[in-house]
2 protein chains.
Amino acid sequence: MKASDKVKHRTDMISSALRSAILERVLMPGMKLPEDSLGERFGVSRTLIRQSLERLAAEGLIELRRNKGAMVAKPSLEEARDLFELRTQIEDLVISRVIKNMTPDILAELEAHLAKEVEAEHASEPKSIRLATEFHILLAKLAGSPVLLRYVEEIGYRCGLTLSLYARPHSTDCGIQEHRQIIEALAKGDEDVARQLMRHHLTAVADRALFTTEEGGPLLYLDALEPYAKKVRDGGA
Amino acid sequence: MKASDKVKHRTDMISSALRSAILERVLMPGMKLPEDSLGERFGVSRTLIRQSLERLAAEGLIELRRNKGAMVAKPSLEEARDLFELRTQIEDLVISRVIKNMTPDILAELEAHLAKEVEAEHASEPKSIRLATEFHILLAKLAGSPVLLRYVEEIGYRCGLTLSLYARPHSTDCGIQEHRQIIEALAKGDEDVARQLMRHHLTAVADRALFTTEEGGPLLYLDALEPYAKKVRDGGA
DNA sequence: TGTGGCGCAATTGTATGCAATCAACTATAC
DNA sequence: GTATAGTTGATTGCATACAATTGCGCCACA
């Protein structure tokens, strides 16, 4: 395998960068994403930017309106609820699968991740949000089904986006304890309990977030994107 | 509304055309899809073809390999099972929603669709397959959640693709009776029964198909795509 | 005859240019 | 003063041109 093989392709890198920026609330819902300026930032032509935007649009993270350009998606409250409901339903499957596959190694991975979450508990808000999302994605990975992983990832990201719209700060803190309980149930192989805990956890996350109804302000374009673009320009991952 | 407003955009038309071609088994799994020849067929440049291919790849209907071009996806048996399992889980939600929304109008729509299925029972194979898939999509529409619709559609299509790989001919026939039963349960508002029927139905469809294990032959490029391309060139939907 | 390398043809990856569309602004008429 | 039409600037839609990569076939050589 050549070294150039790990640098997947620039479109992937750009999509990932933008996705991270959105999930870490650097690009807030409603912000406009003009192809030209993004291309300039990332040091590539509009072609690649277009591809990335199109991909993110397919994932539901941005909206793409004909001749009017892209903007970070602003899911409605109803959509947000639908997303969480769907997610809950799908993660039932994840639970079953993980329990079927459970080994000491898997348990160790889960606990290692939990440790990272604990460590980051008082660090920056975006980081703990990211780790919380990645806990669910790790579970989906351990479920051993690429299909499942694909959809859990996508819907998880979309839920993350809605949280940045509707959640108030520090609404994620108490999630860690819930993650711990889920891991314990998984370790014991208690499927029903794990499922119940997961459902409760997701409902709780949604509820903590989705009952404030503030309407988003106007839409500014942010230079804070710079660090993400830099990584891509420098050929990072 | 202008006349040009219904012609969504060419990329959409091309994606739809290709999707239909795949689902109707005109483009079989494993077939290569070179950008140039497709562009020529559809009368557009590679730019639009690329976009369409990229979109279908995101939906999981084609695979896109770096510098090697696109081909119709060839899901593994395991992937196929995962897809059906996921689908089953998600359609639970559809059932609940449809029952919540149930009105005489909705019931009428469902029965109208069933009538179409009955009518096409002895027509061409692709047509009855398409109608069977569309029954589930209609249900998702009636569930009233765009999010749900999006994923049921996508996963339904992917299941349709796997059926073209693994199913033997005429394996869909007995599905109509099952659809009828589901409608009846929905009409009565009997959620548990409807859910059970749907689960049983999907399992049956999968089982009828997924236990033959023939390995697909070599991969030829087919001119049979022509009618699909023509529609797009002529500006049709 | 088998194997390794080299170059060519085919196909994809990316950038750029031009046309089409949309939004905002201005000027003019009522 | 308001409303409407014309115009301009910015942004996207699409095609084309060029660069990079891959795979195959050919030839040299053992």
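What you see is a predicted model; the values in this text were computed from it and never measured. Every chain is numbered from 1 and lettered A, B, ... according to where its sequence line falls, protein lines coming before strand lines.
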* **A:D82/B:R97 salt bridge by N-O under 4.0 Å criterion** => yes

* Asked: Which whole-number value in Å describes the distance from B:L53 CG to C:dT11 C1'?
  -> 13 Å

* To do: Could you check how far CD of A:E54 sits from P of C:dG13, rounded to whole Å?
  => 15 Å

* Could you tell me the separation between the CD1 atom of B:I49 and the C1' atom of D:dT16, rounded to a whole number of Å? => 15 Å

* Atom of B:L161, atom of B:I22 and distance for their closest heavy-atom approach -> CD1-CG2, 3.7 Å

* **Whole angstrom value for the distance that separates P of D:dT16 from CG of B:D36** => 12 Å

* Does a side-chain N-to-carboxylate-O contact under 4.0 Å join A:E59 and A:R55? -> no

* Could you give the CD-to-C1' distance, from B:E63 to C:dT12, as a whole number of Å? -> 17 Å

* To do: Would you mind reading off the distance between B:K32 atom NZ and C:dT11 atom P, rounded to a whole angstrom?
  => 7 Å

* Asked: Are B:E154 and A:R150 within salt-bridge range, i.e. N to O under 4.0 Å?
  -> yes

* Asked: Any ion pair linking B:E85 and B:R81 (charged N to carboxylate O, less than 4.0 Å)?
  -> no

* For nucleotides 14-20 of chain C, just jot down a letter per nucleotide in 5' to 3' order: B, S or -, based on protein non-hydrogen atoms under 4.0 Å. => BBBB---

* Rounded to whole angstrom units, what separation is found between the CZ atom of A:R66 and the C1' atom of D:dC14? -> 13 Å

* Structure fact -> ring-ring contact (aromatic ring centres under 6.0 Å, His included) filter on A:F84, not counting sequence neighbours, yields none

* **Short side-chain N/O contact to D:dG23 OP1/OP2 from B:K68, under 4.0 Å** => yes

* To do: Please state how far atom CZ in A:R65 lies from atom P in D:dG13, giving the value in whole angstrom units.
  => 12 Å

